[in-house]
K.L.:
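Take this structure, written in C-alpha cells, and hold onto it; I'll ask about it next.
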Protein chains: 2
Amino acid sequence: MKQQEFEQKVKYFHENMPPQCPILYSMKIIGSKWKIPVMWYLMLNDGQHYNELKRSIGSITNTMLTKSLRELEEDGLLERHSKGTVPPSVTYHLTDTGKNLIYTMGDLFEWGKSLMEKQQ
Amino acid sequence: MKQQEFEQKVKYFHENMPPQCPILYSMKIIGSKWKIPVMWYLMLNDGQHYNELKRSIGSITNTMLTKSLRELEEDGLLERHSKGTVPPSVTYHLTDTGKNLIYTMGDLFEWGKSLMEKQQ
DNA sequence: CGGAATCCTCAACGATACTG
DNA sequence: CAGTATCGTTGAGGATTCCG
C-alpha cells in the first residue's frame with residue numbers, strides 16, 4: 001500500500017463518517033467471544049442443526065451458543081428455521097448480510113495472518 | 001456478491017487456515033474497547049502527543065490510554081517517540097502495519113454502514 | 001433435540017489520587 | 001507533560017441443572 005492510497009482512504013472515511021462509527025458498530029455486533037466461530041462454522045457448513053453446530057465449535061456452552069445465535073439472528077446475520085415438530089428440528093442459515101460479513105473479513109484474515117507470521 | 005464468489009472465498013479460507021485463526025488473532029489485538037478509537041484518531045492526525053490524543057478521544061482515562069498504547073506498540077501497530085527531555089515530550093506514530101490495518105477496515109466500514117442504515 | 005434458568009467468577013474497565 | 005498506583009465496579013462468560 002502506498003502512502004497516497006492511505007491518505008485517500010482517510011479522506012474517504014472522514015467524508016463518509018456517520019454520527020456513530022460503523023467500525024465500532026460492526027465490532028459490537030461481532031465482537032463478543034463466539035460470534036466469529038459461530039459464523040465461521042456456519043459458513044463451512046450452512047444449515048447445521050443446533051447440536052451439530054455445538055459439536056463443530058467444540059467448547060461452547062449451551063448458554064453462549066443460544067445467546068450468540070439469538071443476537072446474530074436479531075442483527076440479521078443468520079436465520080433460524082424451525083420445523084415445529086416433536087422432537088424439534090432447527091437449522092441455522094447465513095443470510096446475505098452474514099455472507100457479506102464473512103467475505104468482508106478476507107482482508108482482516110490476511111492482515112492477521114501476516115502479523116502472526118511476523119511475530120514468531 | 002455472487003454465491004460463487006462466496007464459495008471461492010470459503011475455499012480459500014479453508015486452504016490457507018493456519019493452526020490459529022487469523023481473524024480471532026486480529027480481533028484479540030484490536031478488540032478491546034479503545035484500540036480502534038486510538039488508531040482512528042492517530043490516523044486522522046499522526047504524531048500526536050499523549051495528552052493531545054487523550055483530548056481527541058475525549059472520554060478515555062489515563063489508565064486505559066496508556067494500556068492501549070503500550071499494547072498497540074508491543075504488537076507493532078504504532079511507535080512511541082520520546083525526546084527524553086524534561087518536561088517529557090512523547091509522540092505516537094502509526095507503523096505500516098498499523099496503517100494497513102486501518103486500510104483493511106475499509107470493507108468492515110462499508111458493511112457496518114449499510115447495516116446501520118438498514119436497521120433504522 | 002434444542003434449548004431455558006440460575007448462580008458464580010474473574011478480568012476488563014472506570015474513578016481517583018499522586019508523581020518525576 | 002506523560003504518565004503510575006490503587007481500588008472499586010460491572011457485565012461477559014462459564015458451570016451446572018433442568019425442561020417440553
Side-chain angles (χ1 to χ4, degrees), chain A residues 21 23-42 45-75 77-94, chain B residues 21 23-42 45-75 77-94:
Chain A
C21 171
I23 297 180
L24 294 180
Y25 181 80
S26 301
M27 302 276 289
K28 228 180 149 185
I29 291 178
I30 58 165
S32 68
K33 184 169 179 184
W34 297 102
K35 294 290 180 68
I36 295 290
V38 166
M39 296 296 286
W40 187 264
Y41 286 101
L42 217 49
N45 191 5
D46 202 40
Q48 288 185 74
H49 289 255
Y50 181 92
N51 280 319
E52 236 177 333
L53 198 48
K54 197 187 166 194
R55 275 189 299 275
S56 302
I57 301 174
S59 48
I60 194 171
T61 61
N62 282 335
T63 321
M64 290 315 295
L65 179 53
T66 301
K67 187 160 183 283
S68 301
L69 287 170
R70 292 285 179 273
E71 292 174 3
L72 289 169
E73 190 189 0
E74 189 159 345
D75 289 323
L77 275 65
L78 53 78
E79 280 174 358
R80 179 179 184 275
H81 293 176
S82 169
K83 287 198 173 178
T85 54
V86 178
S89 173
V90 179
T91 54
Y92 290 92
H93 306 258
L94 294 181
Chain B
C21 171
I23 296 181
L24 293 180
Y25 182 79
S26 301
M27 301 274 291
K28 227 179 149 185
I29 291 178
I30 58 164
S32 67
K33 184 168 180 183
W34 297 102
K35 295 290 180 68
I36 294 290
V38 166
M39 296 296 286
W40 186 265
Y41 285 101
L42 216 49
N45 192 4
D46 201 40
Q48 288 185 76
H49 289 256
Y50 181 91
N51 279 320
E52 236 176 334
L53 198 48
K54 196 186 166 193
R55 276 189 299 274
S56 302
I57 300 174
S59 49
I60 194 171
T61 60
N62 282 335
T63 321
M64 290 316 294
L65 179 53
T66 302
K67 188 160 183 285
S68 302
L69 287 169
R70 292 284 179 275
E71 290 175 4
L72 289 168
E73 190 190 1
E74 188 159 345
D75 288 323
L77 276 64
L78 53 79
E79 280 173 358
R80 179 180 183 274
H81 293 176
S82 170
K83 286 199 173 179
T85 53
V86 178
S89 174
V90 180
T91 53
Y92 290 91
H93 306 259
L94 293 181

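Predicted model only: the values in this text are computed from it and were never measured. First the proteins, then the strands, lettered A, B, ... as listed; each starts at 1.
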K.L.:
According to side-chain contact (heavy atoms from CB on, under 4.5 Å), who are the partners of A:Ser89, at least two apart in sequence or on a separate chain?
P.N.:
A:His49, A:Lys83, A:Thr85

K.L.:
If you take any heavy atom closer than 4.0 Å to DNA chain D, which residues from residues 60-74 of chain A end up in contact?
P.N.:
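Those residues are A:Thr63, A:Met64.
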
K.L.:
How far does the helix from C:dC1-D:dG20 to C:dG20-D:dC1 bend, going by the axes of its first and last five pairs, to the nearest 10°?
P.N.:
60°

K.L.:
What's the shortest heavy-atom distance between A:Ile60 and A:Lys54, and which atoms?
P.N.:
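For A:Ile60 versus A:Lys54, the nearest heavy atoms are O-CE, 3.5 Å.
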
K.L.:
Residues of residues 82-92 of chain B with any non-hydrogen atom less than 4.0 angstrom from an atom of DNA chain C: list those, numerically ordered, please.
P.N.:
B:Pro88

K.L.:
Compare every heavy atom of B:Leu42 with every heavy atom of B:Gly47, then report the nearest pair and how far apart it is.
P.N.:
N-CD1, 4.4 Å

K.L.:
How about A:Leu53 and A:Tyr41: do any of their side-chain heavy atoms sit closer than 4.5 Å?
P.N.:
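The answer is yes, as the side chains (C-beta and beyond) meet within the 4.5 Å cut-off.
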
K.L.:
Just the endpoints, please: which first and last nucleotides of DNA chain C, 5' to 3', lie under 4.0 Å from a heavy atom of chain A?
P.N.:
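So the outermost contacting nucleotides come out as C:dC1 to C:dA5.
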
K.L.:
A:Thr61: what forms a side-chain hydrogen bond (donor to acceptor under 3.5 Å, both in side chains) with it, not counting sequence neighbours?
P.N.:
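In terms of side-chain hydrogen bond (donor to acceptor under 3.5 Å, both in side chains), with neighbours along the sequence ignored, A:Thr61 is linked to no residue.
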
K.L.:
If the condition is side-chain contact (heavy atoms from CB on, under 4.5 Å), which residues does B:Ser82 pass it with, not counting sequence neighbours?
P.N.:
B:Arg80, B:Val90

K.L.:
What's the separation between atom CD1 in A:Ile29 and atom CG in A:Asp75, rounded to the nearest 0.5 Å?
P.N.:
4.0 Å

K.L.:
Output all residues satisfying salt bridge (charged side-chain N to carboxylate O under 4.0 Å, His left out) with B:Lys35, sequence neighbours left out; order by chain, then residue number.
P.N.:
B:Glu71

K.L.:
Who are the side-chain hydrogen bond (donor to acceptor under 3.5 Å, both in side chains) partners of B:Ser56, not counting sequence neighbours?
P.N.:
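B:Ser56 satisfies side-chain hydrogen bond (donor to acceptor under 3.5 Å, both in side chains) with B:Gln48 only.
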
K.L.:
How long is the gap from CG on B:Leu69 to CG on B:Leu77, to the nearest 0.5 Å?
P.N.:
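Rounded to the nearest 0.5 Å, the CG-CG separation comes out at 11.5 Å.
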
K.L.:
Assign each of A:Lys33 and B:Glu52 to its nearest nucleotide of DNA chain D by heavy atoms, then name whichever residue's nucleotide is nearer the 5' end.
P.N.:
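Of the two residues, B:Glu52 wins.
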
K.L.:
Between A:Ile30 and B:Met27, what is the shortest heavy-atom contact and its length?
P.N.:
O-CE, 3.6 Å

K.L.:
If you walk 5' to 3' along DNA chain D, what is the first nucleotide with an atom under 4.0 Å of a heavy atom in chain A, and what is the last?
P.N.:
D:dG13 to D:dG20

K.L.:
Hey, mind stepping through A:Ile57 and A:Trp40 against side-chain contact (heavy atoms from CB on, under 4.5 Å) and telling me if it holds?
P.N.:
CA-CA 9 Å; A:Ile57 301 174; A:Trp40 187 264; over 6 Å; no

K.L.:
Grab the two heavy atoms, one from A:Leu94 and one from A:Asp46, that are nearest each other, plus how far apart they are.
P.N.:
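Smallest interatomic distance, heavy atoms only, reads N-OD1, 2.9 Å.
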
K.L.:
Run the side-chain contact (heavy atoms from CB on, under 4.5 Å) test against A:Arg55 and tell me which residues pass, sequence neighbours left out.
P.N.:
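Residues passing side-chain contact (heavy atoms from CB on, under 4.5 Å) with A:Arg55: A:Asn51, A:Glu52.
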
K.L.:
Apply salt bridge (charged side-chain N to carboxylate O under 4.0 Å, His left out) to A:Lys33 and list each qualifying residue two or more places apart in sequence or on a separate chain.
P.N.:
none

